[in-house]
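Bear in mind that the values here come from a model prediction, so they are computed numbers and not experimental data. Just so it is clear: chains get the letters A, B, ... in the order the sequence lines come, proteins before strands, and each one is counted from 1.
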Number of protein chains: 2
Amino acid sequence: MCGTDDGRVTSDSQIALTRLAGLLADGTRAAFCLALLDGRAWTAGELARHAGVAPSTASEHLSRLVAGGVLAEEHQGRHRYIRLADPAVAQLIEDMAAHDPPAASPPGTLRVAGARRALAFARTCYDHIAGRLGVAIADALSSRGLLERRAGFAFTEAGTAWLDDVLGGLPGVTGRRPLARQCLDWTERRPHLAGAAGAALCRHALDQGWVTRIGSGRALAVGPAGAEAFSRLLDIDAAALRLSLDGGGA
Amino acid sequence: MCGTDDGRVTSDSQIALTRLAGLLADGTRAAFCLALLDGRAWTAGELARHAGVAPSTASEHLSRLVAGGVLAEEHQGRHRYIRLADPAVAQLIEDMAAHDPPAASPPGTLRVAGARRALAFARTCYDHIAGRLGVAIADALSSRGLLERRAGFAFTEAGTAWLDDVLGGLPGVTGRRPLARQCLDWTERRPHLAGAAGAALCRHALDQGWVTRIGSGRALAVGPAGAEAFSRLLDIDAAALRLSLDGGGA
DNA sequence: GCGACACTTCGGCGACGGCCGCAATGTGCG
DNA sequence: CGCACATTGCGGCCGTCGCCGAAGTGTCGC
């Protein structure tokens, strides 16, 4: 009404700012976004349970967040997979969450960055291994002729044998879940191995102590046994992977 | 209720995120913040008029923004000067305002950064010159023995003569407004010349075409005449000032 | 000291928005 | 083909929040 000052520009920006801020100003929606910072694509139901609201409530929130460009969705069967729209949004959310009120938050402010670093290295995605390690695994399988990139992922004959050997048996393909599926990473922007094989591999890695969960989140740590195993089976140097992350992503 | 996932960290972050987002989710508060992106310290009344709300409404909003660490205030007499709390907040607000909804904002997205660059170089602050140029003027006056830093700013005898010479007369010190006052810059974090002399100098610079307003905002451009004048009078190289900004602040 | 002025506090009004439950839709799976 | 389940759409309730006007406090300037 009054602002002859900055005119049109301010007006546009104002709409954009309030729109985005309004989307994040709700506790439930904020909980969704923060949960999604782990890089996974959650289902609507998971998010609803996580935030402690009814599925219908979550559904509405998610629709608004998607419409607002904060989240992106992907329908697969009867599930609706939700992820952050893009890394810029993730950065923005982290920045905002890290902003301190003047006299508050004595502890636990720096943890976000550290946690994200860990997540960028290795984490679970649904039930398989993602992050830099997950991408490295897919790359190694691919370069060794065990996995083919055609319309997703597909194990070669040698790949199936390898899998059988490593896991001590092939994962049952009971349902309609394919043995291999590719899953795109938010941090890496490259595909990693999902599907029944990805899940079995992840379970195996956890069972064997190759990787262990960090805290209660999705982040994974690679232990000595894991470093040895990934090196022997796929020629992956996990330590170098982590180092390159520390060097590059500070 | 359900979130055993990320536990405490998420909970803390969630509060911080919703708190900050909630502050920016209101149109009036957003208008305040965007107006303050120009680096000035506005008074509460100015902001109220700018946003088109009653002073009482503005007062409440400002109190909340200050309490939330978004804005900072400084009481001077019967005025309450408001500025952005720190550059990080400014950056955050710009980032948020620049975030596009999926299908919107065809034009005018990059303007923010450019405008801010211009503002960092030279702008008006109330009625005097601020930004890098403003600081340079104060520095030059000081180093030439024309201005003393004691409890604010004070012109020396030589300084008063210089002022009289440049302006063709001393500014009238009718009210209680001091001839020289120091004013702290948000972008530069260093003081520049305010008060009656600062205002007179700014008016003179505008009158003489040394500087001209860019658009309808607070940003100033230094013309050839200005470059010559600032060089002759104070040995300030305006072109170098601007270049150093372009080089350093990309 | 006395008006003018900037700002703040308070009470109340109105609207927006989040939450739920219920019913409907569409998809896997036997 | 039919059940189970994930998700969505639709009222309806209720709390929160932004807005204002009026009254109060402190400062400026004569």
**Q** Under 4.0 Å, heavy atoms only, any strand: does Thr28(B) hit a base, just the sugar-phosphate, or nothing?
**A**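 Sugar-phosphate, backbone atoms only, no base.
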**Q** Output a table of nitrogen or oxygen pairs between the protein and nucleotides 2-5 of chain C separated by less than 3.5 Å.
**A**
from: dC5(C); atom 1: O2; to: Arg78(B); atom 2: NH1; distance (Å): 3.2

**Q** Just the atom pairs and distances: protein N or O near nucleotides 10-13 of chain C's N or O, under 3.5 Å.
**A**
from: dC10(C); atom 1: N4; to: Glu60(B); atom 2: OE2; distance (Å): 3.1

**Q** Within this structure, what is the CG-to-C1' distance between Leu47(A) and dG18(C), rounded to whole angstrom?
**A** 17 Å
**Q** Please report the distance, rounded to the nearest Å, between NE2 in His79(B) and P in dC28(D).
**A**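 From His79(B) NE2 to dC28(D) P: 9 Å.
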**Q** Using atom types as modelled, flag every donor-acceptor pair under 3.5 Å from a side chain in residues 23-35 of chain A to any protein atom, sequence neighbours excluded.
**A**
from: Asp26(A); atom 1: OD2; to: Thr28(A); atom 2: N; distance (Å): 3.0
from: Asp26(A); atom 1: OD2; to: Arg29(A); atom 2: N; distance (Å): 3.1
from: Arg29(A); atom 1: NE; to: Leu23(A); atom 2: O; distance (Å): 2.7
from: Arg29(A); atom 1: NH1; to: His61(A); atom 2: ND1; distance (Å): 3.1
from: Arg29(A); atom 1: NH2; to: Gly22(A); atom 2: O; distance (Å): 3.0

**Q** Relative to the 5' end of DNA chain C, which residue comes earlier, Gly77(A) or Leu62(B), by the nucleotide with the nearest heavy atom?
**A**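 Going by which nucleotide is closer to the 5' end, it is Leu62(B).
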**Q** Under a 3.5 Å distance rule, please check whether Thr18(A) uses its side chain to pair with a backbone N or O of Gln14(A) as donor and acceptor.
**A** yes
**Q** If every non-hydrogen atom of Gly68(A) is compared with every non-hydrogen atom of Arg19(A), which pair is closest and at what distance?
**A** O-NH1, 3.0 Å
**Q** Would you say CD of Glu157(B) has more than 12 non-hydrogen atoms from neighbouring residues, nucleotides or ligands within 6.0 angstrom?
**A** no
**Q** Just the rounded figure in Å: distance from P of dC5(D) to CZ of Arg49(A).
**A**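 That distance rounds to 12 Å.
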**Q** Roughly how many Å is it from CZ in Phe32(B) to P in dG18(D), rounded to a whole number?
**A**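 For the pair Phe32(B) CZ and dG18(D) P, the rounded distance is 11 Å.
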**Q** Within less than 4.0 Å of OP1 or OP2 of dA6(D), is there a side-chain N or O belonging to Arg80(A)?
**A** no
**Q** In whole Å, what is the span from the CG atom of Leu65(B) to the P atom of dC17(D)?
**A** 14 Å
**Q** From Glu74(A) CD over to Ile82(A) CD1, what is the distance, rounded to the nearest 0.5 angstrom?
**A** 10.0 Å
**Q** Nearest to the side chain of Val53(B), heavy atoms from C-beta on, is which of dG17(C), dC19(C), dC19(D)?
**A**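 Closest of the options to the side chain of Val53(B): dC19(D).
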**Q** Side chains of Leu193(A) and Phe155(A): closer than 4.5 Å at any heavy-atom pair?
**A** yes
**Q** Just N and O in the side chain of His61(A): are any of them under 4.0 Å from OP1 or OP2 of dC19(C)?
**A**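 Checking dC19(C) against His61(A), a side-chain N or O does come within under 4.0 Å of OP1 or OP2.
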**Q** Could you tell me the separation between the NE2 atom of His192(B) and the CG atom of Leu141(B), rounded to the nearest 0.5 Å?
**A** 13.0 Å
**Q** Could you check which of dG17(C), dC17(D), dT8(D) has an atom nearest any side-chain atom of Arg64(A)?
**A** dG17(C)
**Q** Nearest nucleotide by nearest heavy atom, which residue falls closer to the 5' end of DNA chain C, Arg29(A) or Ala58(B)?
**A** Ala58(B)
**Q** Could you state the CG-P distance from Leu24(A) to dG18(C), rounded to the nearest angstrom?
**A** 12 Å
**Q** Hey, could you give me the CG/CG distance between Leu179(B) and Leu147(B), rounded to the nearest 0.5 Å?
**A** 9.5 Å
**Q** Any side-chain N or O of Thr57(A) under 4.0 Å from OP1/OP2 of dC20(C)?
**A** yes
**Q** Measuring from Asp95(A):CG to Asp95(B):CG, what's the distance to the nearest 0.5 Å?
**A** 7.0 Å
**Q** In whole angstrom, what separates Tyr81(B)'s OH from dA6(C)'s C1'?
**A**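 It works out to 11 Å between those atoms.
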**Q** Taking Ser63(B) for its side chain and Ser59(B) for its backbone only, find out whether a donor-acceptor pair lies under 3.5 Å.
**A** yes
**Q** Between dG28(C) atom P and Gln76(A) atom CD, what is the distance in whole Å?
**A**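 These atoms are roughly 10 Å apart.
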